[in-house]
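See structure below.
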Protein chains: 2
Amino acid sequence: MYSYEYPRPALTVDCVIFGLDENDLKVLLIERAHDPYEGCWAFPGGFVDMDETTETAAKRELWEETGIKSMFLEQLYTFSGVERDPRGRVVSVAYYALVKLIDYNDQVRASSDAKKAMWFSVNEMPALAFDHAEIFEMALQRLKGKVRYQPIGFELLTEKFTLSQLQKLYEIILNKELDKRNFRKKILSMDLLVELSERQQGVSHRAAKLYQFDKEKYTALESKGFSFEL
Amino acid sequence: MYSYEYPRPALTVDCVIFGLDENDLKVLLIERAHDPYEGCWAFPGGFVDMDETTETAAKRELWEETGIKSMFLEQLYTFSGVERDPRGRVVSVAYYALVKLIDYNDQVRASSDAKKAMWFSVNEMPALAFDHAEIFEMALQRLKGKVRYQPIGFELLTEKFTLSQLQKLYEIILNKELDKRNFRKKILSMDLLVELSERQQGVSHRAAKLYQFDKEKYTALESKGFSFEL
DNA sequence: TCAAAAGTGTTCCGAATACACCCATGA
DNA sequence: TCATGGGTGTATTCGGAACACTTTTGA
């Protein structure tokens with residue numbers, strides 16, 4: 001038992017994990033096995049230990065619940081509604097993460113059997129536990145906003161990708177169609193993509209060139225006041 | 001005494017309060033009266049009560065420490081470094097606020113005597129307690145970023161203002177000079193300002209027209225997908 | 001009459017948009 | 001040979017940036 005002179009809220013983290021498949025932006029949810037909200041879907045999360053930051057806690061939860069180790073992770077917002085957890089006062093620091101979905105599909109599915117984790121399209125979300133619907137809304141808004149002026153979209157793709165895949169990504173996230181020629185013109189003019197000598201494999205049409213995002217180049221440009229904007 | 005099965009970090013809020021005077025963007029600091037960091041300057045803040053959200057707590061602290069009641073207030077970031085407070089584990093949710101400085105100068109000064117509150121130019125900051133230097137940096141960056149695509153700058157001015165004052169505001173915050181004609185053209189073309197029939201008083205040169213920000217109009221436009229961008 | 005800030009338009013340039021056809025490949 | 005997506009250039013429009021002089025007012 002731990003005693004304090006004044007009462008303290010419990011502190012947790014919750015993670016909104018975004019992944020992209022062929023046609024959809026998805027998030028990973030976990031089915032709750034216990035009350036409250038038993039059977040309800042919720043974002044993975046848990047208590048913050050005394051010797052870790054909230055960010056470390058978020059990474060740990062992600063690892064424990066999905067097997068995903070390294071990814072883009074950013075603090076979203078701290079939710080502190082007095083009644084947000086029926087068990088008592090719980091303040092939660094929410095994070096959002098971007099993962100290369102296909103890389104981790106198997107691990108997640110493996111851990112699914114134990115914990116019932118599942119990817120849901122952001123357009124077909126089930127009812128969520130606690131105030132997670134609010135967290136979700138904010139995470140989606142943040143992603144939509146951020147993707148336009150920071151090259152974080154690449155975190156959702158594999159290392160090598162075609163320009164069409166990249167365009168599709170933006171179309172899915174921003175939820176609007178983009179012109180192919182204008183998109184390519186703009187993205188290539190930024191000089192952040194490396195054209196590889198490889199090409200797409202096993203497609204029944206002309207194979208597209210593969211590209212890679214050059215993070216060093218981006219960091220260099222950024223520090224010189226360059227702004228990525230789609 | 002309050003006892004828990006697992007240890008819990010203490011939860012606090014800290015507030016970065018921005019105000020604008022003639023020539024400078026300023027923040028309000030409080031001189032610490034006790035250890036740790038006695039005599040050091042720090043942002044106003046304190047513990048979160050069990051029956052209030054972090055936002056409520058931030059507003060309360062602001063009221064207690066400065067007498068300022070209503071202002072723009074937004075969550076900044078949650079700081080959770082394990083060693084950020086030498087007394088033990090303390091997680092702090094930081095907020096930033098924008099106030100019409102001249103309105104509150106007196107109240108703040110009144111409370112100054114008791115608590116030693118003082119406005120510091122953001123360009124002449126003293127050493128800060130805890131990790132408050134980090135909080136400050138983030139708050140300033142956030143303000144600079146946000147001011148460009150949301151009309152929050154008006155929160156720093158009085159109800160009625162001249163276009164030159166508004167331009168000065170942006171020049172101070174963004175830290176660069178703007179062209180007068182282009183600025184006026186742009187800001188007026190947004191149709192968010194109401195031109196009043198009044199004029200400036202007591203200046204020893206041609207008196208400028210006074211304007212007012214039309215919040216209703218902005219909310220209406222915003223919901224129709226309008227984007228404020230300077 | 002001088003100092004100090006208010007107020008006002010036009011030109012130029014670059015970026016964003018709109019738009020349609022041929023090419024390569026595997027089935 | 002056909003279906004499927006890959007790949008490419010130009011003309012137009014719109015917004016941002018640069019730029020200087022006249023007006024008003026109180027001291």
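Below, chain A is the first sequence line, B the second, and so on; all start at residue 1.
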Handout entry: Phe154(A)-Phe161(A) aromatic ring centre distance below 6.0 Å
Key = yes
Handout entry: Pair Phe228(B) and Phe226(B), ring centroids less than 6.0 Å apart
Key = no
Problem - Atom pair distance, as rounded to whole Å: CG in Leu166(B) and C1' in dA6(C) - result: 15 Å
Handout entry: Shortest non-hydrogen contact between Trp41(A) and Lys116(A), atoms and distance
Key = CZ3-O, 3.3 Å
Exercise for the section: Give the rounded distance in Å between these two atoms: CG of Leu178(A) and C1' of dA18(C). Expected result: 14 Å
Exercise for the section: Might you point out which heavy atoms bring Leu196(B) and Lys160(B) nearest each other, and give the distance in Å? Expected result: CD1-CG, 3.6 Å
Exercise for the section: Give the rounded distance in Å between these two atoms: CZ of Phe161(B) and P of dA5(C). Expected result: 20 Å
Fill in the blank from the handout: Lys186(A) NZ to dA18(C) C1', in whole Å, measures 16 Å
Completion exercise
When rounded to whole Å, the CD to C1' distance for the pair Glu177(B) and dC19(D) reads 14 Å
Completion exercise
For nucleotides 2-12 of chain D, 5' to 3', base contacts (B), sugar-phosphate-only contacts (S) and non-contacts (-) with protein non-hydrogen atoms under 4.0 Å give --BBBBBBB--
Problem - Pair Glu134(A) + Arg84(A), salt bridge at N-O below 4.0 Å - result: no
Problem - Rounded distance (Å) that lies between atom C1' of dA18(C) and atom NZ of Lys176(A) - result: 14 Å
Problem - Ala207(B) versus Gln200(B), closest heavy-atom pair with distance - result: CB-O, 3.4 Å
Practice task
Figure out the CD/P separation between Gln167(B) and dG7(C), and round it to whole Å.
Solution key: 12 Å
Fill in the blank from the handout: Met190(A) CE to dA16(C) C1', in whole Å, measures 12 Å
